[in-house]
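Numbers here are sequence positions counted from 1. In each ligand, atom 1 is the first atom listed, and ligand 1 is the first ligand listed.
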Amino acid sequence: MVRLSRLKRAFRDHSLNKGSFMTGEREHGAVSDRASWIEISADALRHNVAVFRRLLGGDPASRREAPLLGAVVKSNAYGHGLPLAAGVLHPIVDLLCITSAADAASIRRMEQLEGLEPTRLLVLGSVVPEEASLLAEVGAEATLGGGDLHEIAARLRSDGLRLRTHVHVDTGLGREGYHADEVEKTAELLEPVGDVFDVAGVCSHFANVEDVTEQDYAATQLDTFEQAASELEERLGRRLERHIAASAAAMVLPRSRCDVIRAGISIYGLWPSVETRLSARVVIEGDLPDLRPVLSWRCRPQVVKELPAGAFVGYGCTWRASRPTTIAVLPVGYFDGYPRLASGKAHVLVHGRRCPVIGRVMMNHMVVDVSGVEGAGTGSKVTLLGRDESEQLPAELLASWAQTINYEIVARLGSHIERRVS
Ligand SMILES: *Cc1c(COP(=O)(O)O)cnc(C)c1O
């Protein structure tokens, strides 16, 4: 009985504390120290925003104002934790981009709790009927990208609401959006629903900026976008806010910046790709933008022990000790987002030293070889991603071991992992 009520209390504390927006702090005892945690550097996040602001500049000579900076905080802020990231970014960017009404509502709740002025929220993708009214109610802006306009309009009408929207034009990604060569038809579709949709912007998304160092395809998309945007503006009889650039295009294709940029990965201090970094060297005058990774992922070993020569480690007995070996068992596995594909290739950092991951990454565990790392014990801090002393373990490296990209590594970090601001 006693045990049960203690469990209940721990569970209640745990759920309550999940809602502490700005700090992500939880009460002691609610979360086990046995689990891994993620450290978010608020300074790095602010620094990256400043880097982008500088890059976007604004040109006094041509009186061209700098584009607005939209920070993309979809997918739990690329795994960084929506409440933490949105809390830091809220006062220093012009809008927050998300992909669901649930995220819009939770940001509005955060604003209320923290006494912040409501910021602009832009929901990417194509708005769905179920979410339209909630978005209008919380004053978010939505994207019209080919969903059922009549059904969406009917819901808004019956709720007596009007939704601010951006028309997404498909210029060659083949995802959401109305065909660029069907602007006339799109405008006709929009006419009868003009009472509930306030069309304020026109947008698109690039298909092939990050994978290449020449921007021919992107330039074609951009031409198509500009043409379609002008046609739509003409049809609607007013100027629309234009946006097409994500992180990479904003850096390597200045013409794409338009009125707003929607920067995701770079705000978190990661380069969209090696190709983008190379292109940026050519395109950007002066130093390369100094992006600083925001996220570190750490844990402490559950067990540190000696294995004799000849002992096996992990499922499938894929690793065998050729000499007496000190192993550390880490409370991290593929459930948490550590890729199983990295088995046998990856390393972690302990006391600033590289320690190879041995055997297979398991659901909740992985094993590393800490032989020769002086003082390695259960109290040692282990770095799975991030910096430790003079060594760095970037998301790109873990991505290369797992045959994927840095985006997937961070976005898949389990939402159950505790995030702390450091
Ligand atoms: C995810 C996304 C972005 C951000 O892309 P990054 O490469 O992370 O900067 C921008 N626009 C749209 C439509 C997106 O889906």
> In terms of side-chain heavy atoms, does E39 have a donor or acceptor partner in S296 at a distance below 3.5 Å?
Replying inline: no
> Is it the case that S380 and H351 place a side-chain donor and acceptor less than 3.5 Å from each other?
Replying inline: yes
> Counting both backbone and side chain atoms, is some N or O of V72 under 3.5 Å from an N or O of ligand 1?
Replying inline: no
>> If I take atom CG from residue D211 and atom OG from residue S273, how far apart are they, to the nearest 0.5 angstrom?
In response: 6.5 Å
> Is the ring centre of H243 less than 6.0 Å from the ring centre of H166?
Replying inline: yes
> Hey, what do you get for CG (L69) to CG (L96), rounding to the nearest 0.5 Å?
Replying inline: 9.5 Å
>> On a heavy-atom basis, I'd like to know which of K74, H205, E210 is closest to atom 2 (C) of ligand 1.
In response: K74
> Which heavy atom of the protein is the closest neighbour of atom 7 (O) of ligand 1, given with residue, atom name and distance?
Replying inline: Y407 OH, 2.6 Å
> Would R175 and H168 count as having a side-chain donor-acceptor pair, cut-off 3.5 Å?
Replying inline: no
> Between T318 and R360, does any side-chain donor sit less than 3.5 Å from a side-chain acceptor?
Replying inline: no
>> Give the atom numbers and elements of ligand 1 that come within less than 4.0 Å of a heavy atom of R262.
In response: 4 (C), 9 (O), 10 (C), 11 (N), 12 (C), 13 (C)
> If hydrogens are left out, which of F206, W271, Y78 has an atom nearest to atom 6 (P) of ligand 1, that is, the closest non-hydrogen atom?
Replying inline: Y78
> At a 4.0 Å threshold, what atoms of ligand 1 neighbour a non-hydrogen atom of I265?
Replying inline: 6 (P), 8 (O), 9 (O)
> What is the nearest protein non-hydrogen atom to atom 9 (O) of ligand 1, stated with its residue, atom name and distance?
Replying inline: S247 OG, 2.5 Å
> Can you tell me if R175 has a non-hydrogen atom under 4.0 Å from ligand 1?
Replying inline: yes
> Considering only heavy atoms of A246, which atoms of ligand 1 have at least one such atom less than 4.0 Å away?
Replying inline: 4 (C), 5 (O), 6 (P), 7 (O), 9 (O), 10 (C)
